[in-house]
Amino acid sequence: MRKLVSLLFLVSAGCARTNQEDAAADADTGEPQAPTWQDETGLKRVVSEGYGDRVALSCKVRGQPRPELIWLKDGMPISDDHYTGLVRFRNNQQTLVLRELVSDLVGNYTCKATNSYGTIFHNMVVEALEHAIYAPKILEKPRNQTLVEGMDAYFTCGFDSGSL
């Protein structure tokens with residue numbers, strides 16, 4: 001069953017810009033900048049994968065000074081100690097990798113980016129599917145038959161109905 005999820009973007013007090021290109025230019029020149037998302041269209045709200053699959057959650061952020069990124073699961077900070085062997089951080093913690101999706105890793109995730117000029121949040125839900133989603137496929141094709149007129153023909157066809 002799918003859950004409806006609301007997406008929350010919050011920018012706290014600071015020098016937030018409305019034009020992302022200007023903000024990117026400021027980051028390059030070293031001018032102070034509140035955290036902003038590098039690619040808002042790439043931020044996912046719901047991630048649905050099969051049990052056992054690898055899941056990568058990404059929150060690419062920029063700002064000056066460089067924002068500190070913290071990941072939360074169900075409102076609690078994620079630490080390597082608690083999730084030993086299950087999670088890994090990449091790209092300065094901008095990507096959280098769930099090495100193998102298990103029921104303990106299903107839930108609400110938040111990435112929180114903070115610097116001295118502001119804080120932004122992005123929430124997403126990780127769902128686990130009982131099975132992978134794929135289209136139906138033919139496993140055994142019908143075979144050609146040569147018949148004399150008036151004879152009955154019987155064809156068999158093996159297929160996997162997929163997950164639909």
Side-chain angles (χ1 to χ4, degrees), residues 1-11 20-21 23-24 27 35-63 66-114 119-164:
M1 174 187 288
R2 284 239 152 147
K3 299 177 189 176
L4 291 177
V5 178
S6 60
L7 179 62
L8 170 69
F9 286 102
L10 171 67
V11 177
Q20 286 186 347
E21 292 174 0
T36 58
W37 304 117
Q38 286 185 14
D39 179 16
E40 284 187 43
T41 59
L43 295 172
K44 297 179 181 178
R45 290 192 240 181
V46 178
V47 178
S48 300
E49 296 291 341
Y51 280 109
D53 288 353
R54 179 183 167 276
V55 177
L57 307 176
S58 183
C59 281
K60 296 190 178 180
V61 66
R62 66 174 157 251
R66 180 189 296 195
E68 176 185 354
L69 198 88
I70 298 171
W71 285 92
L72 306 148
K73 180 187 179 289
D74 299 326
M76 301 299 294
I78 295 174
S79 67
D80 288 328
D81 298 337
H82 185 264
Y83 293 98
T84 303
L86 297 176
V87 300
R88 179 177 54 145
F89 299 101
R90 284 193 334 217
N91 302 331
N92 244 1
Q93 294 203 355
Q94 293 191 23
T95 302
L96 173 66
V97 178
L98 311 178
R99 292 182 178 179
E100 182 178 339
L101 187 56
V102 294
S103 59
D104 285 350
L105 296 177
V106 171
N108 298 310
Y109 287 81
T110 302
C111 61
K112 175 182 172 185
T114 303
T119 300
I120 56 175
F121 301 87
H122 175 67
N123 297 312
M124 59 194 92
V125 174
V126 173
E127 300 176 334
L129 304 172
E130 292 295 325
H131 49 79
I133 296 176
Y134 58 94
K137 59 184 171 187
I138 295 175
L139 300 175
E140 179 186 350
K141 295 180 182 179
R143 297 177 187 213
N144 290 332
Q145 296 183 25
T146 304
L147 303 170
V148 175
E149 187 176 337
M151 293 178 64
D152 293 331
Y154 296 95
F155 295 95
T156 59
C157 177
F159 63 93
D160 179 347
S161 63
S163 60
L164 307 175

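Because the structure is predicted, anything quoted here is derived from the model rather than measured. These numbers come from the heavy atoms of this one structure, side chains and all, not from hydrogens, waters or symmetry mates.
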Checklist line | Minimal non-hydrogen separation, Ile138 against Cys157, with atom names | finding: CG2-SG, 4.2 Å
Checklist line | Flag, side chain of Asp74 to backbone of Asn108, donor-acceptor distance under 3.5 Å | finding: yes
Next item on the list: Mind checking side chain to side chain contact (heavy atoms under 4.5 Å, CB included) for Met151 and listing every partner two or more places apart, or none if nothing turns up?
Entry: Leu147, Val148
Margin query: Run the side chain to side chain contact (heavy atoms under 4.5 Å, CB included) test against Phe155 and tell me which residues pass, sequence neighbours left out.
Written below: Pro142, Gln145, Ala153
Next item on the list: Please identify each residue that fulfils side-chain hydrogen bond (donor to acceptor under 3.5 Å, both in side chains) with Ser58, with sequence neighbours left out.
Entry: none
Notebook entry, point to check: Any idea which heavy atoms bring Pro35 and Ala113 closest together, and the distance?
Noted result: CG-O, 3.8 Å
Notebook entry, point to check: So how far is it from Cys59 SG to Lys112 NZ, rounded to the nearest 0.5 Å?
Noted result: 13.5 Å
Check: Rounded to the nearest 0.5 Å, how far apart are CG of Leu105 and CZ of Arg99?
Finding: 11.5 Å
Checklist line | Option from Leu69, Thr36, Thr114 for which side chain to side chain contact (heavy atoms under 4.5 Å, CB included) with Val61 holds | finding: Leu69
Note to self: Looking at Lys44, is its backbone amide N or carbonyl O close enough to the side chain of His122 to form a donor-acceptor pair, meaning the two atoms are under 3.5 Å apart?
What the structure shows: yes
Notebook entry, point to check: For the side chain of Glu100 and the backbone of Gly52, is there at least one donor-acceptor N/O pair under 3.5 Å apart?
Noted result: no
Note to self: Taking side chain to side chain contact (heavy atoms under 4.5 Å, CB included) as the definition, give me every residue that meets it alongside Glu140, ordered by chain and number, with sequence neighbours left out.
What the structure shows: Thr156
Next item on the list: Determine, stepwise, if the pair Leu98 / Tyr109 fulfils side-chain contact (heavy atoms from CB on, under 4.5 Å).
Entry: CA-CA 12 Å; Leu98 311 178; Tyr109 287 81; 3.9 Å; yes
Checklist line | Contact summary for Trp37 and Ile120, nearest pair of heavy atoms | finding: CE2-CD1, 3.4 Å
Item checked: Inter-residue atom distance Leu72.CG - Ile78.CD1, 0.5 Å rounding -> 7.0 Å
Next item on the list: Go through the steps to decide whether Asp39 and Lys60 satisfy the test side-chain contact (heavy atoms from CB on, under 4.5 Å), and finish with yes or no.
Entry: CA-CA 7 Å; Asp39 179 16; Lys60 296 190 178 180; 6.0 Å; no
Margin query: Nearest 0.5 angstrom please: Leu96 CG to Thr110 OG1, how far?
Written below: 11.5 Å
Checklist line | Nearest heavy-atom neighbours spanning Val106 and Glu127 | finding: CG1-CA, 4.3 Å
Checklist line | Phe121 CZ to Ile70 CD1 distance, which is reported to the nearest 0.5 Å | finding: 9.0 Å
